Amino acid sequence: MTPDATLSLRSQVRQILSAAWQQAEAELTPAGDSSLAISTPIMIERPADPSFGDFASNIAMKLAKPYRRAPMDIAKAVAAHVVTTAMDPASPIAGVDVAPPGFINVRISDAAIAATTARVLRDPAAWGSVTAEHPEHINVEFVSANPTGPLHIGNARGAFTGDLLCRVLTAAGHKVEREYYFNDFGSQVKNLGASVVAIREGCDIPEDGYHGDYVYELARDLPESVLAAAQTADEPVEWAIGRWASERVRSGIEASLERLGCHFDVWRSESTLHHDGWVGKAVERLRAAGDVYEEDGAVVFRSTKYGDDKDRVILRSTDDNAPTYFAADIGYLVEKFSRGYDRLVFIWGEDHHGYVARVKAAAQSLGFDPDHVQMILTAWVRFIRDGKEIAMSKRTGEFITLDELLAEIGVDAARWFFASRAASSGIDFDIELAKKQSSDNPVYYVQYAHARIASILRKAAAAGMVPPAADEARVLELLEGILPGVPEAQLARQIGRLPEVVEDAAESRETHGVTAYATELATTFHAFYRDARVIDETEPERSIARLALIAAAKTTLAGALGLLGISAPESM
RNA sequence: GCGCCCGUAGCUCAGUGGAUAGAGCGCCAGGUUGCGGACCUGGAGGUCGUGGGUUCGAGUCCCGCCGGGCGCGCCA
């Protein structure tokens with residue numbers, strides 16, 4: 001069979017192994033026994049030891065038991081069919097062998113490696129983006145901190161985690177929308193307004209008020225006209241001032257996030273959710289599903305029916321049966337799905353983990369697939385200075401803002417820091433240590449590799465040497481001429497991994513594989529740089545070929561950094 | 001008490017049931033008459049918290065225990 005050359009090499013190998021297995025299966029299945037129609041996913045991995053080849057599969061060991069055959073026998077049978085495939089000139093496979101206890105090891109041809117590299121040069125903008133097997137329209141909601149004060153460093157992880165996930169999902173072929181949900185009418189907003197009014201009028205800040213410097217700035221910036229209008233309105237003055245202050249804080253948050261490289265497509269306010277009737281609609285749908293009951297004057301959702309620990313109140317017994325926060329969230333679920341998303345993703349701090357079951361329960365009762373409502377929980381970050389944890393409270397005003405943190409350590413370093421750790425991993429962030437080590441941050445190692453290549457390309461161009469990126473046939477010819485060389489082969493193979501890295505990151509919803517890959521690619525390039533001189537006037541053909549190769553490496557480094565929202569400098 | 005997350009090198013962290021458990025930083029010893037030394041090469045450093053179990057194979061899955069974090073509202 002001829003694999004689809006637009007797929008990642010790994011996917012092509014998977015197709016070939018899958019076909020080979022189907023042929024081998026007939027030989028291994030006892031006559032008359034058709035019960036063994038086992039659909040085993042073909043697992044393909046990059047072996048840790050490169051001497052085993054480019055890809056390895058453990059399928060023979062997985063199938064040994066159901067087929068009651070020795071793993072080595074199965075491996076040999078599959079390998080025999082793969083060898084047949086490898087005779088096809090269009091096949092990317094150059095060789096296959098079997099190793100105990102039953103690994104099938106596959107080596108990719110230089111021609112296929114060259115073809116992948118040439119594709120990078122022909123269409124650099126597309127390199128790193130893959131076609132999803134099942135493309136989805138995904139809504140990712142993150143940060144969603146209430147606009148009662150500027151973002152502090154505790155919000156950093158959610159912001160970066162969400163942004164990184166969106167970038168990776170987009171690159172993996174999904175359509176992604178980024179959403180921020182905020183409360184703009186609750187008692188917190190009223191308290192913020194009361195604090196601003198108190199400062200403006202020279203009174204003491206009330207018991208439940210806010211005390212940060214930003215509250216004083218709000219009081220100072222509050223226009224007289226807004227204050228006057230609020231004082232003559234029907235409602236208490238702190239409400240109108242609270243809404244004004246809250247919107248001002250919200251737009252400040254948006255500006256901070258944009259400075260971090262975190263853009264949001266949708267800003268959704270909780271009050272409009274109520275005004276537009278989504279909360280009432282959601283309650284009615286739960287009622288229609290027969291999943292609500294009344295107790296002591298409150299309306300309760302029977303979430304235990306769908307696996308929650310206890311049932312949850314959605315309409316209070318007090319305040320004229322006002323909806324709870326949870327009820328608003330259910331309304332939000334209905335509203336979001338009405339926009340046509342296939343999947344809703346929420347980035348939450350792990351302190352919200354108790355909330356997962358009830359929201360999924362609500363989704364199920366509403367008739368949505370609970371597996372299409374996905375929560376990613378980020379572990380807590382402890383910020384440490386001078387060996388002590390920094391306590392943070394928005395209400396008392398004791399906190400370090402996100403803007404202050406970024407001023408200290410830089411956006412690229414901060415992004416790398418969070419991208420290189422699993423969401424579930426607790427982090428101790430020592431600010432002094434981060435500042436001290438910032439020049440040793442691996443992100444600069446990767447950026448340096450990119451800048452170094454840019455420098456070489458500039459130098460070559462000045463000497464009249466420019467790789468013919470658009471001429472794919474010529475590039476292929478050049479690359480195949482140098483790929484027998486070990487440094488060239490290693491760099492080209494490393495370049496070809498990017499699509500797999502994107503697929504893995506999207507599927508696992510984790511980005512630390514991207515930082516690891518970027519570091520490995522930079523290391524491979526630096527080794528190449530040491531072993532293979534690029535610009536050599538006495539060898540123009542080889543120089544052009546090597547320039548083409550490092551140009552592809554540069555595009556790939558930029559692609560990996562772009563996935564992380566990190567700049568790829570031409571010089572540094 | 002119940003539930004969820006975590007425990008891997010001195011430090012910060014990777015590790016999708018597979019081959020000899022890795023990376024960065026730190027430490028030690030080296031390297032450039034040449035394209036950017038923010039680079040490269042080598043080394044020391046591990047009872048994978050602990051005790052059982054499942055498996056051809058366990059850092060990975062299951063159970064117990066120890067240690068740390070978080071949650072268990074008609075708050076948001």
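The chains referred to below are lettered A, B, ... by the order of the sequence lines, with proteins before strands, and numbering in each begins at 1. These numbers come from a predicted model, not from an experiment.
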### Summary
For residues 292-328 of chain A, the ring-ring contact (aromatic ring centres under 6.0 Å, His included) pairs (sequence neighbours left out) are A/F326-A/Y355
#### Entry: A/R421 NZ/CZ over A/F417 ring centroid, <6.0 Å and within 45° of normal
yes
### Query
Under the 5.5 Å and 30° test, is A/F103 stacked on the base of B/A19?
yes
#### Entry: Over 12 foreign heavy atoms within 6.0 Å of CD, A/E133
no
### A/T272 vs A/E335 side-chain heavy atoms within contact, under 4.5 Å
no
### Message
Tell me every residue that passes side chain to side chain contact (heavy atoms under 4.5 Å, CB included) with A/T161, counting only those two or more places apart in sequence or in another chain.
### Response
A/R157, A/I347, A/T378
### Query
With respect to the phosphate group of B/C72, does any side-chain polar atom (N or O) of A/K310 fall under 4.0 Å of OP1 or OP2?
no
### Task
Using only heavy-atom distances, determine whether the side chains of A/D49 and A/S51 contain a donor-acceptor pair under 3.5 Å.
yes
### Summary
Under a 4.0 Å heavy-atom criterion, the protein footprint on nucleotides 3-8 of chain B, written with B, S and -, is BBSS--
### Summary
Ordered by number, residues from residues 497-512 of chain A within less than 4.0 Å of RNA chain B (heavy atoms) are A/D504, A/H512
### Message
Using the ring centroid of each side chain, check whether A/H274 and A/F185 are separated by less than 6.0 Å.
### Response
yes
### Task
Figure out the CZ/C1' separation between A/F528 and B/G34, and round it to whole Å.
15 Å
### Query
Which ranges of RNA chain B pair up as stems, where a stem means three or more consecutive Watson-Crick or G-U pairs with both distances under 3.5 Å?
B:1-7 with B:66-72, B:10-13 with B:22-25, B:27-31 with B:39-43, B:49-53 with B:61-65
### Query
CD1 of A/I59 versus P of B/C56: gap in Å, rounded?
19 Å
### Message
Given B/A76, B/U16, B/C13, identify the nucleotide with an atom nearest to the side chain of A/I427.
### Response
B/C13
### Query
So does A/W348 have more than 12 non-hydrogen atoms from other groups sitting under 6.0 Å from CH2?
yes
### Message
Using a 4.0 Å heavy-atom cut-off to protein, can you give one letter per nucleotide of nucleotides 36-44 of chain B, 5' to 3': B if the base is in contact, S if only the sugar-phosphate is, - if neither?
### Response
BSBSSS---
### Task
Mind listing the closest non-hydrogen atom pair of A/Y180 and A/A145 along with its distance?
OH-O, 2.7 Å
### Message
Quick check for you: among B/U20, B/G17, B/C74, whose closest atom lies nearest to any side-chain atom of A/S317?
### Response
B/C74
### Query
Think A/R268 forms a cation-pi with A/F182, using NZ or CZ under 6.0 Å from the six-ring centre and within 45 degrees of its axis?
no
### Query
Just how far, in rounded Å, is P of B/G34 from CZ of A/R533?
10 Å
### Query
At under 4.0 Å, does any side-chain N or O of A/R316 touch on OP1 or OP2 of B/A76?
yes
### Query
Rounded to whole angstrom units, what separation is found between the CG atom of A/N441 and the C1' atom of B/A23?
13 Å
### Spatial distance of atom CG (A/L547) from atom CD1 (A/I535) [nearest 0.5 Å]
6.0 Å
### Query
Any luck finding a side-chain donor-acceptor pair between A/S271 and A/D184 under 3.5 Å?
yes
#### Entry: A/Q447 side chain to A/D412 side chain, donor-acceptor N/O pair below 3.5 angstrom
yes
#### Entry: Pair A/S543-A/D536, side-chain donor/acceptor within less than 3.5 Å
no
